[in-house]
Amino acid sequence: MKFASFMLFAAATTTLAVSCNNNSENKNTAVKPGVTKTDWGKVDGKDVYLYTLVNDKGDTVTITNYGGTVTSFVTPDKNGKYSSVIVGFDSLAPYLQKPPYFGALIGRYGNRIGNAQFSLDGTGYKLAANDGKNTLHGGLKGFDKVVWDASIPNDTVPSLTLKYVSKDLEEGFPGNLNVTVQYTLTNDIGLKIEYSAETDKATPVNLTNHSYFNLSGDVTNTILGETLMIDADNYTPVDTTLIPTGEIKSVKGTPFDFTTPKEIGKDFANVQGGYDHNFVLNKKDNLLDKVAEVSDSISGRVMDVYTTQPGLQFYTGNFLDGKFINRGGTPLAQHSALCLETQHFPDSPNKPNFPSSILKPGEKYHEVTVYKVSVK
Ligand code: GLA
C-alpha cells in the first residue's frame, strides 16, 4: 500500500510538472503506464481509494471507489500542455459535501422519476423525493454516495472494475441488483465505461456517469464558447420540474438543433434555465455509435462521445453557483462545465411510449459509453 501511495504521489507530481512544459509529441513520459492505488480515507467504515490509470502515452484518469467517481481526466492540449478536462477535487472531503454528482456513477435510475413513484406489474413503488416532488439520480443515497468494491483486472490496458450490490427496496426500488462497472483508459485517449447489471426482480435500471467537462482545461472559460454536435433529430420537452411531457419533438428550427456543429451559446438565450434536456439519439440499434462531438478552440481539444444508449442528457451546469471549488482553486460557476450523460430517457418508468428501462430476472443489462479526447 505504501508503495502504491508513493507511486501515485510521484505520478501526480510529475503530471503537474509536465503540464508546465510544451511537449509537441503529446507524450507524457513522466508517468508510467498501468494502474496505481492510494489510500483516500473511509466512508461508512469502508476503505476508499484513489486509482490512477495511465495509458501508454501518459494520459491519466483518476477514479475513486467512493461513488465510482472519476476525479480527473488529464490529456494534452494543442500545445502539449496537460490538464484535466473533467472537474473535480484532489481529496475525499469535498466529495462528502454532496457536490452535484461531479464525475460520479449514477443509479439505480439516472435522471428523474416523476412524483417519486411508478408501478410495475401491478405493484406501486414509492421512492424518495429528493428533487422537489421527484426522484433524481437514484434518490437520497444513490450509487454516487456508496463505496464500491474495486479490483484491478489483469488487462493489457489500464482498467478498474467496480462492483456494488443494491439491495431489494434500497431507495424504494424492487429487486437485488448486482452492478459491475468497468472503467478503461485506452491508448487513443478514450475513457471507456462499461455497465453490467442483473436483478432478481423486475426493476427500472438507468446507469450513467455524471462527469462535468470543460475541454479547455480551465474552468474560468465558460462552456458556452464550445461547439457541440448531437446526432439527434428529436428531444423530449420537459415541464417546469424537468419531467418529460412524454412528447418526442423535432429539434428542427429550435435551439435544440445540434445536428450540425453549433456554438453552445448561440441559441442559449432562448432556452429558459439553460440546456438540461434529453436528446433522442438517431441511432436505431444498441451498437456503440458516435452520438456527439464537442470541440474547444482555445485548447484545440475535441471530444467524441460514443454510446450504446438511446438518450443523451445535455446539461450546461445551470445549477453550478460557485459554491464548489475545482482543483487549482477556481470556483465552479454557472456554465463552467457541461455534462453529456448517456442514458435511457428520464421518467421512462411512467412513460409507456419511451424505450423500456425495465430489467427482468434472467436478462443482462449491458451498456457502454466512451468519451474520446483528441486535439485538432
Ligand atoms: C442532471 C440533471 C440536472 C441537475 C444535475 C445535477 O444533469 O438533469 O437537472 O440535477 O444532474 O445538478
Side-chain angles (χ1 to χ4, degrees), residues 67-70 86-89 94-95 97-116 127-145 171 193 204 206-214 219 222-223 228 230 232 235-245 256 258 264 268 271-281 292 294 305 307 309-326 331-351 354 357 369 371:
T69 301
V70 179
I86 285 181
V87 312
F89 313 121
Y95 285 105
Q97 303 301 311
K98 301 198 175 144
Y101 310 98
F102 293 163
L105 290 179
I106 306 293
R108 179 178 306 197
Y109 198 91
N111 213 290
R112 292 174 177 77
I113 296 181
N115 292 318
L127 309 169
N130 62 330
D131 187 56
K133 57 187 176 135
N134 304 321
T135 302
L136 174 66
H137 294 330
L140 292 170
K141 189 170 181 179
F143 294 2
D144 59 297
K145 294 181 187 68
E171 297 294 320
I193 315 172
N206 192 18
L207 306 179
T208 192
N209 174 279
H210 209 305
S211 286
Y212 286 68
F213 296 92
N214 184 316
V219 294
T222 82
I223 48 78
L228 175 67
I230 305 178
Y235 76 109
T236 52
V238 287
D239 68 16
T240 52
T241 70
L242 298 176
I243 294 294
T245 59
F256 300 94
F258 287 96
I264 294 168
F268 198 75
V271 186
Q272 218 191 343
Y275 293 102
D276 192 355
H277 294 81
N278 171 63
F279 286 72
V280 177
L281 298 172
V294 197
V305 183
T307 192
Q309 301 247 35
L312 181 75
Q313 184 83 8
F314 171 44
Y315 171 59
T316 40
N318 313 321
F319 301 124
L320 295 176
D321 57 5
K323 182 174 156 212
F324 288 95
I325 313 293
N326 195 34
L332 289 157
Q334 201 179 33
H335 316 315
S336 59
L338 60 81
C339 302
L340 292 165
E341 301 152 66
T342 56
Q343 60 181 10
H344 267 68
F345 304 175
D347 203 30
S348 296
N350 294 310
K351 297 284 188 301
F354 287 177
S357 60
T369 293
Y371 297 101

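Remember, it's 1-based here, ligands and their atoms both numbered in the order they're listed.
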Q: Under a 3.5 Å cutoff, is there a donor and acceptor pairing between the side chains of Asn134 and Thr241?
A: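 There is such a pair between these side chains.
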Q: So do Thr236 and Phe354 actually touch side chain to side chain, heavy atoms under 4.5 Å?
A: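 SC-SC contact between Phe354 and Thr236 confirmed.
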Q: Could I get the full list of salt bridge (charged side-chain N to carboxylate O under 4.0 Å, His left out) partners for Asp347, not counting sequence neighbours?
A: Lys351
Q: For Tyr275 and Phe258, take the angle between the two ring planes, folded into 0 to 90°, and tell me which bin it lands in: parallel under 30, tilted 30 to 60, perpendicular over 60.
A: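 Judged by the thresholds at 30° and 60°, the geometry between Tyr275 and Phe258 is perpendicular.
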Q: Can you tell me which residues line ligand 1 if we count any heavy atom under 4.0 angstrom from one of its atoms, in chain and number order?
A: Pro100, Tyr101, Asn111, Arg112, Leu136, His137, His210, Tyr212, Leu242, Asp276, Gln313, Tyr315, Phe319, Glu341
Q: How are the rings of Phe102 and Tyr212 set to each other: parallel, tilted or perpendicular (split at 30° and 60°)?
A: perpendicular
Q: Pro346 versus Gln313: any side-chain heavy-atom pair under 4.5 Å?
A: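 Yes, side chains in contact.
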